[in-house]
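Inspection log for the structure reproduced underneath, given as structure tokens.
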Amino acid sequence: MKGFSGIYGVMGEFNSEGALREAARSAREHRYEQLDAFSPLPVEGLDEILGRTGSWAPAWVLTGGVIGGLTGYFLQFWGVGINYPFNVGGRPLDSWPLFIPITFELTILGGAVAAVLSLFVLNGLPQLHHPVFAVPGFERVTTDAFFLCILSTDPGFDPLLVRRFFMQETGAVAVTEMRR
Amino acid sequence: MAQIFSPRVSLWFKTLLIIFPLALVGGGVAAYRFSFSSYATQVGVPVDQPVPFSHQHHVAGLGIDCQYCHSTVTKTADAGMPDTHTCMTCHSQIWTEAPVLQPVRNSLSSGLPIRWTRVHNLADYVYFNHRVHVNNGISCTKCHGDVQSMPLMKKQATLQMGWCLECHRHPAAAFAPPDAVFQPPQVFTLDWRLDADPEAKRAVLKKVADVPSVRELTDCSTCHR
Amino acid sequence: MTDRKAKTNSPSGEPRPALPIVEAAVSPEASSRPLWRSLDELTGSEEFWVWARREFPHGAAEFGDGVGRREFLRVMGAALAMAGLAGCARPPQTKIVPYVDQPENIKADRPLQFATAMALGGFGTGLLVRSNEGRPTKIEGNPSHPASLGAAGPFEQAAVLQLYDPDRSRTVLHDGNIEPHGAMLEAVLEEVERHRPEQGRHFRLLTGSVTSPALAAQIEALRATLPAMKWHQWEPISRWSIHQGAQLALGQLAEPDYRLENADVIVSLDYDFLFLAPDRLRLTKAFTSRRRFDQVGFLQPNALLVAEPTLTITGSMAQARLPMAAADMKWLAWTLGAQLGLGPSPARKAEGGVRLWLDTATAALREHRGRSLVLVGPGQDAETHALVHALNQALGNAGQTVVYRQPAAAQPVDHLASMAELVHDLESNAADGIVILGGNPVFTAPADFRLGEKLGRARFSLYLGLYEDETTACCRWHVPEQHFLEGWSDVRAVHGETSIVQPLIAPLYGGVSVHELMAAFLSQPAAQAHEIVREFWRQRLVPDGDFEKRWRQALSDGVIADTATPELGTSTGGGSLPGSARSEETAGQGYEVVFAPDPTIWDGQFANNAWLQELPKPFSKVTWGNPAIVSPAAAQELRVQNGDAIRIRHQGAEVEIPVWIQPGQAARTITLYLGNGRSRAGRVGDGVGVNTYRLRPSSGLWFCRDVEVTRSDRHAELAQTHLHHSLEGRDFFRVLPLTAFAQGKRAEGREPDPEQNQTLYGPASLNTAAYQWGMVINLTSCIGCSACVLACQAENNIPSVGAREVSRGREMHWIRVDHYFEGDPANPQVYQQPVPCMHCENAPCELVCPVEATLHSADGLNQQVYNRCVGTRYCSNNCPYKVRRFNFLQYADTATPSAQLVWNPQVTVRSRGVMEKCTYCVQRIRTAQIQAQEENRPIRDGEVIPACAQACPADAISFGNVADPKSHVSRLKTLASNYSMLGDLNTRPRTTYLARVEWDANPPASPCQRDTA
Amino acid sequence: MGRKPAGLALSTGHRMIPGTAQSKEETRARAERAEEPPRLVQGVATFRSITEQISGIVLNRRHPRSWWIGFGLAFLLTMGLFYAISVLLAVGVGIWGINIPVAWGFAITNFVWWIGIGHAGTLISAILLLLLQKWRNSINRLAEAMTLFAVACAGMFPLLHLGRPWAFFWLLPYPNGMELWPQFRSALVWDVFAVSTYLTVSIFFWYTGLVPDVATLRDRAKNRFTRLIFGFMALGWRGSAKHWRNYESAYLLMAGLSTPLVLSVHSVVSFDFATAIVPGWHSTIFPPYFVAGAVYSGFAMVLNIIIPLRKWYRLENVVTEQHLDHMAKVMLATGLLLAYGYIFEIFFAWYSGDPTEQYSVVNRATGPYAPLFWLLLLVNVVLPQSLWWRSVRTRPVLLFFAALSVNVGMWMERFVIVVVSLNRDYLPSSWRMFTPTGWDWLTLVGSLGLFFALVFLFVRFLPMVTMFEVRDLLAKEKGKSS
């Protein structure tokens, strides 16, 4: 950090998910912690290698769903039972079976909204400007190029070492240093 | 590959995305509040009249009973507007030359009625009945406000359905002492409360006993036919 | 609304349009079933395949509808504005306009009621007219008037719409040019002067039958000035044969006064007395008073036997009904007479069903001597009437079930002869000055008289009429007539009871009173109707000095005490039983045509009345037109379906007219309703239906034999409100045999009704109010006259929608009278069933409304909140009774100012896109509640009467508080015959029915083809 | 820049030239990958080739004539729809053939039909995802888009069929001066919630799936404007490991939510009928029976769209006969479910012992609308049986017509359910026919126009095949083969 605050990290480009996986693995072997990988498709097993598994999304969805459901039921119960009680077709005011469909739909809605929000928030999107976009050839990350990045926030980060690592230990076809 | 967007754009975009849903919600709330605003409901907005008739002067000043002009209020659904002759009973004697009363005199001579601007306007599908309210001891002021302090007549209630329901859901609270509907000073006792004097309270509760139940009072066909 | 024109009327033979009654298309197997759905089923089901080939026939035709471009843009703007502003618009500023000088007793929501009377065919019916702030808005029967007894028929009730009809004539016309009123008066005076020298030998007066004493007096006065003038009378529906018959039998003109309440057995020969009689309302009350079955003990029902050419509401009430040609009626009468030992027996012997019917009738009459009654219709000749009078004498009924009175008419005459004489005089120029007081005779006179063109020969012809109609076109002077609600007059009921006709509103269109016009002829052009009538009665009412008092009494009662015509002795003095010279006549092999007044527009005078035009005619349920009524047999022979046109030729005249196939029609009789096909009725009535007067000769005013009938290739879409006349073997209409009723058997359905609270949810007691409103409809006493339908329409501001919309199934009536046929189509069992909203306690409609526009009130009403309704129409789909009505388009006429005057201010006028239905007349309930609450008393039983119940002459509809076990309606609901329609759906309707009680003996099998012995 | 051949890409790296041996081996590897093509992606296919092929459709200016013709027609019909709607608003629902008793006509028929069609997308994306059906990958995007447009068309009708459309918002729960809420016990209010939820969730689902592909377009776009637009839409997607991780779990969860949702929506729609007491409507079998019908018509519509498109845009390699075969099989299955539904409607009517119920069945088969009913059985049950033969399933033209007949058949079924049940219910006195007017027809055809116009615009401006999933597919196939 101290010396390299101007640097975001060093990026190595690879030609296949296999190569990427290898690179990531050896990076971990070299005690690099702050890694990030970029790929045109989810690369199997990469998360495990990078040591970041699991996601908060399920929790979000659960909360959203519960909130939606409760809102749905109480909106109905209060609306027709308490706020303005009506005699509708001789049905009792608390005719709960008739409240099920709306409760259900709102549960789903709440969950879905939460899911989308989680996607945005957890991924920090939208993020139109980002240092990695400056990397030459990065546009191919959405086609067929794979990248591994060692961040400057890594305790053992040193641009020179990292570059050497990429060029000698991995099959990087190109290595780039990213400025903030 | 070059950056497509500058950091600033990125920031703006993010902010917009956050603001947009908030704006939607805010808009809804605003619309709701607007429906109660004095612009939408005209509450408290004095209305111009051909003759600047002052309830303050006639009621508070001269102590004229409401029924003197609104003569059918206890008899029909319609409270009744005074005919030109009613005005002239006094104004053929006093203020005979007052220019503000010219329209009244014209009406009498031409036989053409005065066209007052309506202040309390209910939709045609609402069947409000003054008779039944007043005779059951709902004070005029309950809906029309402290008329006696209004130089020019103005609405004090939104006259929205929700407002009607308030009383129809809590009839007891709406009652004035039965004998207090018209005669000053009780007619103006805005601060009168059910517990004010036990004797009146008894009378009111007796009345409450024989008004229809709340469920009946909140039935659609009570007002819509 | 040009789309009201029936297709047959356009001269150009347009391509045969799509078959409208696709409804009748059916499965091939249907015809083999004992139960048949509709006649088209029996006659095979080609339409089915026609339809199949044509997929959706009306499609392309409709493309043009919608609106013209400019109109479109205009409305679009409006619609979008509405769409946009609906949310946040605030109501526009409105004005309050008080009186300059407040009149007494006119209060906004306190309507006043005035007693008056309306004349139909000259005879008066007493009415009470409701006036809101000076506008007559509703006409009801006058309980203290003997011809009404509180009931009112469709004609009386619809008169209020006629009052505001913007098409009524407004100006005096001379040769078609507008003239000042004064000019007309001058011309009149001049004319009188012209005739004075010859004592008016060439002067003629033409009226309907006149009962107004004041008018009669004026005519006499005119006679005094012009002794040689002649007074002619013409009514298309004349009662002369009745009077003349009495002359033959009793030796003097007489009006039979039937006491049906005393009759155990009634035999009617071609007499639809429940509709045709001038005092039909009274007769209905009397007749149905023996048909109530409304208490357990009740078991003295009367038995009715009817022989008639076409199914009438009277016939539908019969225990034994015999379809028979009108021309055979005479023979039938004599045969019946002979069987009862009166007069010679005709050579021709009865067979089959006729025999059976005759024997039944004979037996019944013999059994109930003195408590039976035989009636015969005005269509039959004097001889037959004489025979029947004699028959009633012989059975000892005279004095018991019928008494004879002097005719109430000022001068009863043979209208046909009178008209014939007039026409002859016009032709021979013996008459050159003629005054016509109302009645539109040019349209209604026998075709072969050609009155119209003859009138042209008169030098002076003046017509006083409500409308600028066919007669106006043939007269030099036209004077707009006052509506009876606009001016003073007086009128007598058929038995003489006299009413003062008092106005409720100043003439809207500057009409002239008949009395004032007559006064002009009496050289008192300034006289006022009010004065004339008042002065006339001042002389009559003197006996006790206080005229004012009696006058006021007469006005408030609506009838002047003891003015009934005196009874006549019941001896057959002088009268001898006429020979049965023509009693051998038969209808022969050819087709017979019978003429009858239209069930809803009478002789044509109501043709411009949208309420009556749209009132479904009994049985056929046809509106806006008058199809020829033919029998199933005839239809098969002519190879016609409903709506296909036929050509009828007789004595050189010809009409082309669509048919309606009527079960129970005499096999070879075709019934034509008069009064339709007006050419100058107004924007509503012009060209609706077919003018059948064109076929009505002086030789056969009521029926003609051996007419030539051929099939035409044209087709008209009949605007029907009801296409399907079978019960489908379902149990919504229940019948109890008399014996079962006597034993107190319940009117069981296929399924028992569920117990209360038999639901998943368990009890939900939400009907908390002290009053629980409910209704009971008595299926035995209902005669299906449709008075309730019109009463409801008038009370609840129900719009009429026109023929096109009706034929699309969009009529708006809140209560309908369903008719079902069962059994042999040649002579079926007929059931009628009035169906309003059932106000179900578990209302299916309420559950499905997404916006709470229909909800249940605490006092058990199924409320409809128009201003909340968004128009999903889901409620209508889910209503098993289909009693909900939808404003598919803007039906309420908010454009025509005078159309709005008739609206009832107590009922919201509905806009486009809103559902509506019967409310149990909630406005009346609430008014009564407020009144009672103010007077600190409970609402009395019978204090709240819905419009339908109020109008019903049969008292078939009862309404009241079902929470009070002592109320009338509760008592009815405890009867064993009480049942809920479709109750097994657990809708728990508040409107229930008393099952129809039927005599166990089936009606005699009918003669499917005539036996010609 | 991105258009350089793979080989050259090696030298594009900055400064450092790594050992060439490695790179050669890499190229060989890619060549091999091309050698043995996966079954669901045919022909020579690499990440790049696939990506180029699909994104090319959007990024290239030039479009086949068939697109212009198709879009032109659809656009005309859409204009017709707008005209019909204007007249409707101006004059009222009376311009339609509806009446009492048949108060619901084409509008509701169309609504149910469109909603049904709108089921395929979510089903393919969600359910098949959960069932790990790989073949969904190349068709789900189009199916989802189609779903959106179908639901949009469907949603239009309940609004239009109102007597007073401008008051539609009374069906929504919002605080107001009248202190009134919607009548929550009404199935129509359930519809409002179900359909709007479904629409929202479908949009989320669709857009989420779109983000990585839009990112691809952003990176491949040539002119600045396109790059900006797609840039905004891509929200700065970088394809980082974190992105993919959250993305996959969120997407999976949405699939999990959508699955019950998609089943509930048409169940709720069926409640409009099942909770009513109209004979022919009031039946417990309606929910499953409606859902089956929905999937049935949905797949039919997908086939009707995708078969021409794969031809016009030469997508045979990604949308293979294999795919068509699978879809046809699903159609066949749901079709049989539906037939089962028909049979059981009849059985229940008989078993209920209720004459009105029984009559409603008899009326369908022998009543005035009988020809429609029999035609319906023909096109909806008999003809689709041809799908038992693989030769039909894999012959696009035949399959197209089979699907077409199903679509027509399903519309007729909705019509039979809505109209033929209503036109003869409890009281014979109020039995009546419904005969549609020209406006009814114009609205129906117009909604088709709107639908296809939207589809055409979609294929023009967004990738109709999910590129990253096809890439994933390629990778997986490779993983399998090596």
Side-chain angles (χ1 to χ4, degrees), chain A residues 13 15-17 19 36-44 46-47 50 52 55 57-58 61 75-76 79-80 83-84 88 91 95 98-99 101-102 104-106 108-109 111-112 115-116 118-119 122-123 125-130 132 136-137 139-144 167 171-176, chain D residues 1-2 9-10 12-14 16 18 22-23 26 29 46-48 51 173 179-181 183-185 189-190 193-194 197 200-201 204 208 212 215-216 218-220 231-232 235-250 253-254 257 260-261 264 268 271 468 471-472 475 479:
Chain A
E13 179 182 352
N15 280 333
S16 73
E17 59 263 56
D36 198 355
F38 305 87
S39 54
L41 69 159
V43 178
E44 280 177 84
L46 190 58
D47 291 333
L50 296 179
R52 296 201 202 78
S55 160
V61 173
L75 176 67
Q76 300 177 78
V80 304
N83 177 245
Y84 202 154
V88 171
R91 306 299 194 281
S95 46
L98 293 166
F99 298 158
I102 292 180
F104 173 81
E105 298 298 340
L106 286 187
I108 300 286
L109 185 61
V116 174
S118 73
L119 197 59
L122 298 177
N123 281 350
L125 295 178
Q127 181 65 275
L128 300 186
H129 175 94
H130 193 280
V132 299
E139 66 273 8
R140 283 187 285 108
V141 78
T142 54
T143 304
D144 62 352
M167 286 182 290
V173 292
V175 179
T176 317
Chain D
M1 162 120 196
L10 302 179
T12 55
H14 272 220
M16 293 296 167
Q22 258 172 327
S23 67
E26 187 56 47
T46 67
F47 286 178
R48 173 172 298 255
T51 311
E179 299 201 0
L180 287 174
W181 298 97
Q183 208 278 86
F184 292 113
R185 298 180 179 97
V189 177
W190 304 348
F193 281 88
T197 303
T200 324
V201 174
F204 287 166
T208 318
T216 307
R218 170 196 65 196
D219 296 345
R220 305 186 65 86
F232 279 116
L235 305 168
W237 175 267
R238 305 191 292 283
S240 83
K242 188 175 76 178
H243 284 184
W244 285 120
R245 192 168 67 248
N246 290 320
Y247 180 89
E248 284 195 302
S249 80
L253 285 163
M254 274 202 225
L257 289 170
L261 176 63
S264 83
V268 168
F271 288 161
F468 80 90
R471 287 197 290 263
D472 196 36

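A, B, ... follow the sequence lines: proteins, then strands. Residue 1 opens every chain.
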For this session: Under 4.5 Å, counting heavy-atom pairs only, tell me which of P101(A), G79(A), S95(A) racks up the most with chain D.
Result: P101(A)

Problem set entry | Top contributor to chain A contacts, counting heavy-atom pairs under 4.5 Å, from S249(D), A250(D), A194(D) | A194(D)

Exercise. Are any of the side-chain heavy atoms of F193(D) and L109(A) separated by less than 4.5 Å?
Worked result: no

Problem set entry | Pairs of heavy atoms under 4.5 Å with chain D: top-ranked of I102(A), V116(A), N83(A), L128(A) | I102(A)

For this session: Looking only at non-hydrogen atoms, find the nearest pair between L125(A) and G236(D) and report the distance.
Result: CD2-O, 3.7 Å

Seminar exercise, completed: d(T143(A) OG1, R48(D) CZ) to nearest 0.5 Å is 6.5 Å

For this session: Please state whether the side chain, the backbone, both or neither of P58(A) comes within less than 4.5 Å of a heavy atom of chain D.
Result: both

Exercise. Quick one: are F99(A) and R185(D) in side-chain contact, heavy atoms under 4.5 Å?
Worked result: yes

For this session: Go through the steps for Y84(A) and L180(D) under the test side-chain contact (heavy atoms from CB on, under 4.5 Å), then give the verdict.
Result: CA-CA 7 Å; Y84(A) 202 154; L180(D) 287 174; 3.7 Å; yes

Problem set entry | Flag, side chain of R471(D) to backbone of D144(A), donor-acceptor distance under 3.5 Å | no

Exercise. Who among L46(A), V43(A), D36(A) has the most heavy-atom pairs with chain D under 4.5 Å?
Worked result: D36(A)

For this session: Can you see which heavy atom on T197(D) is nearest to which on E105(A), and at what distance?
Result: CG2-O, 3.6 Å

For this session: Verify, without hydrogens or angle tests, whether T216(D) (side chain) and T142(A) (backbone) share a donor-acceptor contact under 3.5 angstrom.
Result: yes

Seminar exercise, completed: Heaviest contributor of heavy-atom pairs below 4.5 Å to chain A, chosen from W190(D), Y247(D), F468(D), is W190(D)

Problem set entry | Top contributor to chain A interface from T200(D), T51(D), N246(D) [non-hydrogen pairs under 4.5 Å] | N246(D)

Exercise. What part of V61(A) lies closer than 4.5 angstrom to a heavy atom of chain D: side chain, backbone, both or neither?
Worked result: side chain

Exercise. For chain A, which of K242(D), R238(D), E179(D), E248(D) has the most heavy-atom pairs under 4.5 Å?
Worked result: R238(D)

For this session: Answer with side chain, backbone, both or neither: which region of L253(D) has an atom nearer than 4.5 Å to a non-hydrogen atom of chain A?
Result: side chain

For this session: Considering only heavy atoms and a distance below 4.5 Å, find which of V201(D), L261(D), V189(D), T208(D) pairs most often with chain A.
Result: L261(D)

Exercise. Is the closest side-chain heavy-atom distance between V80(A) and W181(D) below 4.5 Å?
Worked result: no

For this session: Measure across S39(A) and W244(D) and return the closest heavy-atom pair with its distance rounded to 0.1 Å.
Result: O-NE1, 3.0 Å

Seminar exercise, completed: d(S240(D) OG, H130(A) NE2) to nearest 0.5 Å is 8.0 Å

Exercise. Among S118(A), A115(A), A57(A), A37(A), who wins on heavy-atom pairs under 4.5 Å with chain D?
Worked result: A37(A)

Problem set entry | Closest non-hydrogen atom pair, Q183(D) against V88(A) | NE2-CG1, 3.5 Å

Exercise. Which atoms form the tightest heavy-atom contact between D472(D) and L41(A), and what is the distance?
Worked result: CA-CD1, 3.5 Å

Exercise. Using a cut-off of under 4.5 Å for heavy-atom pairs, which of L106(A), V141(A), D47(A) has the most such pairs with chain D?
Worked result: D47(A)

Exercise. How far apart are the closest heavy atoms of L257(D) and G111(A), and which atoms are they?
Worked result: CD1-C, 3.4 Å

